[in-house]
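First comes the structure, then the notes that go with it.
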Amino acid sequence: MWLADGWKDYEVIDTSMGEKLERWGEYILVRPDPQVIWDTPHEAPQWKRKNAHYHRSSKGGGQWEFINLPQQWKISYRDLTFHLKPFSFKHTGLFPEQAVNWDWASKLIQNAGRQIKVLNLFAYTGGATVACARAGAAVTHVDASKGMVSWAKENAAASGLADAPIRYLVDDCVKFVEREIRRGNHYDGIIMDPPSYGRGPKGEVWKIEEKIFPLLNLCTKVLSREPLFFLVNSYTTGLQPAVLAYMMELTIRKEFGGTVTADEIGLPVSSNGLILPCGASGRYERT
C-alpha cells in the first residue's frame, strides 16, 4: 500500500461504526467512510470534542452538524497551503491520501532535468496541480466545475504560486483532450481523478466503468514522445489496483514502454497504528 504519512496538519485519529475521526489543522471532524465496517469503542477523547459532524441520511446524502467550525480555514502539507471548507456530501475540498501521489509526481518532475508539461484532468481543487507546479512543472488544470477551478486558483495563491505557469480551464475533460489532439498539443505527464458517476452540462452521463478505458486510449495521443508519468486514481469499488494496471498496460505501456505499478493508497490511523484504505492508484513511469 502507498501510504500518505507525511502530514503534520492532518491525521486520522480513529475509525468506528462507518465513520472516521479526523484532525484538520486545529479542528476535529467526524465524517462517514464506507470502508469503516467495524464496530469498535470510541476510546479517543476527540470523539467528544468534535467541531463538526457529517451525518449520513438513510435516504442518501446527509447534512453537517456544526458545533464550532469556521466557514473556511487552511492547512499545509510540506510547503503547500490549502483552503478548506465543509460543503455538500461530506467533503472539505481536499483528499489527504493523495499526498503520497503528489510526492511521487513531484520527485519525478524535479529529477527530470527538463521542463515538464503536466495535464491534470478532473483536477478538483488543485492538490496535484499545486504540487506539480511547486516542483517546477507547467500545469494545465481542467475541471468542469467553475467553483472548483476558482478554488484551485485560491490554493495556488495561498501556496505562493499565483504567478506559476498554471493554465486553468473550465471544460469537459474528454472534449478538452479531443481538442488537444486536433491542436497537436502534448504533455509529459497526465493525472486523472475521474468521478464514479456524473453528468455533463448537457446531461451527458459519465460512468467510470464505461468511460475510463476509452479516455486512457485517448490520452495516449496527447502524451509526448518521451512521457515522464501517468497517474490514474479511483475511488470506485470495482476498479481495484489490478484493473487500473491492466488498462494502463494495454494503453500507455504498450505504446511507450516503461513500467506500470498499481496499489491501494491509505492513511495511518494514529490511535492504533493501523492503515485506513482510501482508494487505488495506477502509476506509469518511463524508465
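All values derive from a computational prediction rather than experimental measurement. Quick note: numbers below take in every heavy atom, side chains included, and nothing from hydrogens, waters or symmetry partners.
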I'd like to check [X] versus [Y] (side-chain heavy atoms, cut-off strictly below 4.5 Å). Are they in contact?
| X | Y | value |
| --- | --- | --- |
| Trp151 | Lys85 | yes |
| Leu3 | Val100 | no |
| Glu22 | Val30 | no |
| Leu276 | Glu97 | no |
| Lys107 | Asp103 | no |
| Arg283 | Phe230 | no |
| Phe229 | Val118 | yes |
| Pro165 | Val139 | no |

Are [X] and [Y] close enough for a salt bridge, meaning some N to O gap below 4.0 Å?
| X | Y | value |
| --- | --- | --- |
| Glu26 | Arg49 | no |
| Glu249 | Lys254 | no |
| Glu180 | Arg183 | yes |
| Asp79 | Arg134 | yes |

Starting at [atom1] of [X], measure out to [atom2] of [Y] and round the result to the nearest 0.5 Å.
| X | Y | atom1 | atom2 | value |
| --- | --- | --- | --- | --- |
| Glu255 | Arg225 | CD | CZ | 11.5 Å |
| Leu267 | Leu274 | CG | CG | 13.0 Å |
| Asn51 | Trp73 | CG | CH2 | 8.5 Å |
| Leu244 | Asn233 | CG | CG | 8.5 Å |
| Leu223 | Leu228 | CG | CG | 10.5 Å |
| Thr40 | Glu43 | OG1 | CD | 8.0 Å |

Contact summary for [X] and [Y], nearest pair of heavy atoms:
| X | Y | value |
| --- | --- | --- |
| Pro86 | Leu69 | CG-CD2, 3.9 Å |
| Ala123 | Thr129 | CB-OG1, 4.3 Å |
| Gly6 | Arg78 | CA-NH2, 4.1 Å |
| Pro194 | Ile212 | CG-CD1, 4.1 Å |
| Ala164 | Ala133 | CB-CB, 4.3 Å |
| Ala4 | Pro96 | CB-O, 3.8 Å |

Evaluate Gln46 against Asp14 for side chain to side chain donor-acceptor pair (under 3.5 Å), listing each step before the verdict. CA-CA 9 Å; Gln46 291 93 331; Asp14 199 9; over 6 Å; no
Polar side-chain atom of [X] near backbone of [Y] as donor-acceptor pair, under 3.5 Å:
| X | Y | result |
| --- | --- | --- |
| Ser159 | Thr81 | yes |
| Arg31 | Lys90 | yes |
| Ser234 | Thr236 | yes |
| Asp33 | Lys20 | no |
| Thr220 | Asn217 | yes |
| Thr251 | Leu216 | no |
| Ser271 | Ile13 | yes |
| Tyr27 | Lys50 | no |
| Tyr77 | Trp7 | no |

Of Leu121, Asn120, Val149, the one forming a side chain to side chain contact (heavy atoms under 4.5 Å, CB included) with Asp143 is Val149
Flag yes if more than 12 heavy atoms outside Gln115 fall under 6.0 Å of its CD atom; otherwise flag no. yes
Exceeds 12 heavy-atom contacts within 6.0 angstrom, atom CG of Asn111: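 Buried by this count: over 12 neighbours within 6.0 Å.
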Pairing residues for Arg114 by the salt bridge (charged side-chain N to carboxylate O under 4.0 Å, His left out) criterion, not counting sequence neighbours: Asp188
For the pair [X] and [Y], name the ring-plane relationship: parallel under 30°, tilted 30 to 60°, perpendicular over 60°.
| X | Y | value |
| --- | --- | --- |
| Phe95 | Tyr235 | tilted |
| Trp64 | Phe66 | parallel |
| Tyr10 | Trp24 | perpendicular |
| Phe82 | Trp102 | tilted |

Determine whether the side chains of Ser270 and Glu11 contain a donor N or O and an acceptor N or O closer than 3.5 Å.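 Ser270 vs Glu11: donor-acceptor pair found between side chains.
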Return each pair, listed once, that meets ring pair (Phe, Tyr, Trp, His ring centres under 6.0 Å) where at least one residue sits in residues 168-196; pairs must be two or more places apart or across chains. His141-Tyr168
Candidate pair Asp263 and Ser281, rule side-chain contact (heavy atoms from CB on, under 4.5 Å), full reasoning: CA-CA 6 Å; Asp263 208 338; Ser281 294; over 6 Å; no
Please tell me whether [X] and [Y] are part of a single hydrophobic cluster in this structure, the criterion being side-chain heavy atoms less than 4.5 Å apart.
| X | Y | answer |
| --- | --- | --- |
| Leu231 | Met1 | no |
| Ile181 | Ile190 | yes |
| Leu21 | Val36 | no |
| Leu84 | Phe89 | yes |
| Leu94 | Phe122 | no |

Please step through side chain to side chain donor-acceptor pair (under 3.5 Å) for the pair His55 and Glu65, ending with a clear verdict. CA-CA 7 Å; His55 298 277; Glu65 173 194 2; 2.7 Å; yes
Could you go step by step and tell me if Val174 and Lys211 meet the side-chain contact (heavy atoms from CB on, under 4.5 Å) rule? CA-CA 9 Å; Val174 176; Lys211 302 293 187 178; over 6 Å; no
Taking it one step at a time, do Glu178 and Leu218 satisfy side-chain contact (heavy atoms from CB on, under 4.5 Å)? CA-CA 7 Å; Glu178 290 172 340; Leu218 205 62; 3.6 Å; yes
One pair to check against side chain to side chain donor-acceptor pair (under 3.5 Å): Trp38 and Ser16. What are the steps and the verdict? CA-CA 6 Å; Trp38 44 88; Ser16 180; 5.9 Å; no
Evaluate Trp104 against Trp2 for side-chain contact (heavy atoms from CB on, under 4.5 Å), listing each step before the verdict. CA-CA 10 Å; Trp104 168 76; Trp2 293 324; over 6 Å; no
